[in-house]
Each structure stands twice: as structure tokens, then as C-alpha cells.
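Worksheet: one structure, shown below.
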Amino acid sequence: METLLTVENARSRILETVAAQPIDRVGLQDSLYLTLAEAVRSDDDIPPFANSAMDGYAVRSDDVAGGEAVLEVIDEIPAGSVSALTLRAGTCARIMTGAAVPAGADAIAQVEWTEALPDGRVRILRAPAAGMHVRPAGQDAKRGQRMIEAGELITPPAIGMLATLGYGTVAVRRPPRVAVIATGDELLDPAEPLSPGKIRNSSGYALAAQVVAAGGVPLAPLLARDHPDSIRAVIREALAADVLVFSGGVSVGDYDLVKQQLDEAGMELLFWKVKQRPGKPLAYGLLEGKPVFGLPGNPVSSAMCFEQYVRPALARMLGRNAVLRPRHPAILAAATAKVPGLHFFTRGIATYEADGRLTVRDTGPQASNLYSSVLGANCIIHLPEVWTEAPAGTPVDIEWLTWGAM
Ligand code: AMP
Ligand code: MG
């Protein structure tokens, strides 16, 4: 008798067996889309000094409080310089955007509100209020403030903040190396012409790409034939990686040798089969302490199982705070197939209607060999195990399919 796990149980059993990767220090320019291993703090006030938001004149707002005023220009302060002078009553300093506001000044009269006089003085035509166009020190970040949490993805704006804060190098989680192994005597390389009975190895390539999109590093494409020797050899090679992902060979066919060979290699099988469609024969275990996923070979099954199980495992290894994609409520625009007892990962196309509602429909036939059902999808529609049907109008949860590092 077999007991099938629920999707949630399967996922939590995986997540509790994976550990965070070691920490590396990398140059800032190499850190994009890696994951922060330490919280980022500001050692300084940012901006470090009060500076001008405008080209114009640094003034004492009291001097111009009456409206128009004619002031003596005692200095010129380009960005990058500091004035050695202090503004006394009746004086001002020419100042450029980003330059430090001189002592004594408390406002900037933008150049458009001024008129340079032939005698070198300047007429202020409109009075700036105290503080106007002065960017105070510490407005962006306070000294000691935590700016980014450990476990966050290093995005382009994070790079900007890290640079601002003086991080020339960043502590990141080493991206897990993932061996993707396609199995099957029927498989040809994508570059090979078709021959009778053969198909091209799509899952191997798609999964390697999913590894990259999930923040991992795929090993060179590995291929095993449906023969114990071939699978044994590839298992040894794959153990150079941190995670092993097999596609194919985990269902119950006579040639489904992967589980058998992993067992002989000493893998501790943690579960086999999950109440889900596609991807019911999913297997998971630990070999030499490394997570091993046995994904069904059908391209749609392997793609969905990767997104539902391997991707969260890689996120956990990367120390990511967000391990699962968020889900969003939507309304089924048309009925879609459902049987009770299996959680469905139905590929969908979600759209915002003119009235602001998010509606979703499936991508058409959902058979697990039809890769076009994934290609055209922008989301996964989650249809819970207990549902017997999914008619039009049903509220559902969707998960946007984003194929980037996010
Ligand atoms: P299996 O899980 O090995 O029984 O394979 C299930 C189905 O997926 C069969 O139709 C295989 O031909 C197909 N399949 C297995 N591996 C791949 C692959 N790497 N690329 C495309 N199709 C595959
Ligand atoms: Mg096979």
C-alpha cells in the first residue's frame, strides 16, 4: 500500500532537510542577483553632509525674509568642495547641486529666482523659506541604521544602496551547484535530427535554465541511458554538485531505474509520490547528505515539480527570506479540469479586467507532455486536492510565473 503525501507535507519535508550554503565575499560588481548573507548597515549618515538640491545661491533665510534682497557673493562652491567661509548677514555663496551647504546658510535660492548684478552682487527675487532646497544629512540613511536584511536578493537598487554605503565587497551565499540529469534511451540532443522513436531532451535543458532562474548554477548537461551502468556512472559524476535533479526514471515502468540505482548508491528515500498533477511520481531523498530530486520525465511535470519543490529548496539554500512565491486571489474565467484527490498545478493566463478584477483561464490541454501549456502561461493556478471540479467563477489562488532571479 502506498501513502501519498500532500503537496504541503512534501514541500516541508524537503525544506527541513536543506541547509544554507557557505558564505562567500564577492566584489560588488559581481553580486547582482546573489543573496545577501549579512544585514547591510550604514556606517555613516547618508547624505554625509547637508547639500544643495539646486544650482543657485546658499543664503540665510532671515536675510531674504522680506522678499527681495541684494546680497554679496562671498564664495563659489562646486560639487565636491567645501567652503571655508561662514555666511554673515547680507552675504551668500554661489552653490551647485550636491555641494555642501556652507556654515551659516539655511536655504538655497535656486538660480532661476535670482539675478546676477554687474557689480558682482546678486538680487534674490523670491525668498526661499528656511530649509528650502537643502538636503539634510542622514535623510536617506542614519549612521548605524540597518538598510537591507540578510536573505534579500541583491537587485540593481540594492547594488546602488550598497555602493552608497561603501560596500566594495558583499557577503553572499554561495549559489548551489545543481546537477541536472536527463534519463532515457529515447533522448537526443537538441542539435540532433529526429530519428524513429526518438525525441529531443527538452527537460534537461529546461531544468538547467530553471536552475539559473532560481539562483543556482547548473553543471554541464548530464544524460543517462536506461541502463544501470549508465545511471551509476552519472550518479558519481553528479555528486560533484550540491543538489541532484533527475528527470525521468522515477515512475513505475520497467526501465525506471533511477530510483533503484539511487537506492543502491545509498540514498535515503524520504518520499515517493505526491497527491498532485502533474508530477505525482516525484521522489525525494538524501544521498551523502545532498538533496536528490527524482522528477518525472514528462517536460511539464518536471517543470512544475521544479518550480514547486526544487526552487524553494534552492531559495532555502541561498538563505532567502522569501522561499515561496506569493499567491494572489483570482477568478476562473472559464471552467478547467479537476479531479478530487490531487492538487492541480494548472498552467494559466491571468489578466486584469477593465473593472480591476484578476481573472484567469487555463492554457488549454494540460497533458504533462505538452510543453506549450507551460510556454504560454504567466501563472500557475492552484486547485486544491479536495476540489471535485473547477467551474467558471470559482475563486482560485494563482502564482505568477516569473522567470527571473526574483
Ligand atoms: P519517464 O519519467 O522516464 O517515464 O518519462 C516520462 C515521459 O517523459 C516519457 O514520455 C519520456 O519520453 C519523457 N521524457 C523523459 N525525459 C525527457 C526529457 N529529458 N525530455 C523530454 N521528454 C522526456
Ligand atoms: Mg524514462
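We count ligands from 1, going down the list as the structure has it; atoms in each ligand are counted the same way. When a residue number appears, it is its place in the shown sequence, counting from 1.
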* Structure fact -> What one should report as the nearest heavy-atom pair of Ala367 and Val300 is O-CG2, 4.0 Å
* Residues Arg357, Glu353; criterion salt bridge (charged side-chain N to carboxylate O under 4.0 Å, His left out); working and verdict -> CA-CA 5 Å; Arg357 283 179 323 139; Glu353 304 295 337; 5.5 Å; no
* Give a yes/no on ligand 1: does Gly249 have at least one heavy atom closer than 4.0 angstrom to it? => yes
* Looking at atom 18 (C) of ligand 1, what's its closest protein heavy atom, distance included? -> Ser203 OG, 3.4 Å
* Structure fact -> Sorted by chain and number, sequence neighbours left out, salt bridge (charged side-chain N to carboxylate O under 4.0 Å, His left out) with Asp242 holds for Arg177
* To do: State the OG-CZ distance between Ser372 and Arg347, to the nearest 0.5 angstrom.
  => 9.5 Å
* Structure fact -> shortest atom 9 (C) of ligand 1-to-protein heavy-atom contact is with Glu186 OE2, 4.2 Å
* For Ala182, atoms of ligand 1 separated by under 4.0 Å from a heavy atom -> 19 (N)
* Close-contact set for ligand 1 against Arg200 heavy atoms, below 4.0 Å -> 20 (N), 21 (C)
* Asked: Can Thr346 and Gln366 be counted as having a side-chain donor-acceptor contact under 3.5 angstrom?
  -> no
* Just jot down the ligand 1 atoms closer than 4.0 angstrom to any heavy atom of Ser247, in number order. => 16 (N), 19 (N)
* Measure the distance from atom 19 (N) of ligand 1 to every protein heavy atom, then report the residue, atom name and distance (to 0.1 Å) of the closest one. => Asn201 OD1, 2.9 Å
* To do: Would you please classify the geometry between the Phe293 ring and the Tyr284 ring as parallel, tilted or perpendicular, with 30° and 60° separating the classes?
  => tilted
* Considering all heavy atoms, the nearest Pro218-Val211 contact -> N-CG1, 3.7 Å
* To do: Look at atom 22 (N) of ligand 1 and say which protein heavy atom is nearest, naming residue and atom and giving the distance to 0.1 Å.
  => Ile199 CD1, 3.4 Å
* Asked: Is it the side chain (CB and beyond), the backbone, both or neither of Ser202 that lies under 4.0 Å from ligand 1, heavy atoms counted?
  -> both
* Asked: What do you reckon, does Gly297 have a nitrogen or oxygen under 3.5 Å from a nitrogen or oxygen of ligand 1?
  -> yes
* **Per-residue contact class, Thr183 against ligand 1 - non-hydrogen pairs under 4.0 Å** => backbone
* Asked: How far is atom 7 (C) of ligand 1 from its nearest protein heavy atom, and which residue and atom name does that atom have?
  -> Asn298 OD1, 3.4 Å
* Asked: Step by step, would you call Arg88 with Glu72 a salt bridge (charged side-chain N to carboxylate O under 4.0 Å, His left out)?
  -> CA-CA 10 Å; Arg88 289 165 286 99; Glu72 186 191 341; 5.2 Å; no
* Asked: Which residue supplies the protein heavy atom nearest to atom 4 (O) of ligand 1, what is that atom called, and how far is it?
  -> Ser251 OG, 3.5 Å
* Look at the rings of Tyr352 and Trp400 and say which category their plane angle falls in: under 30° parallel, 30 to 60° tilted, over 60° perpendicular. => tilted
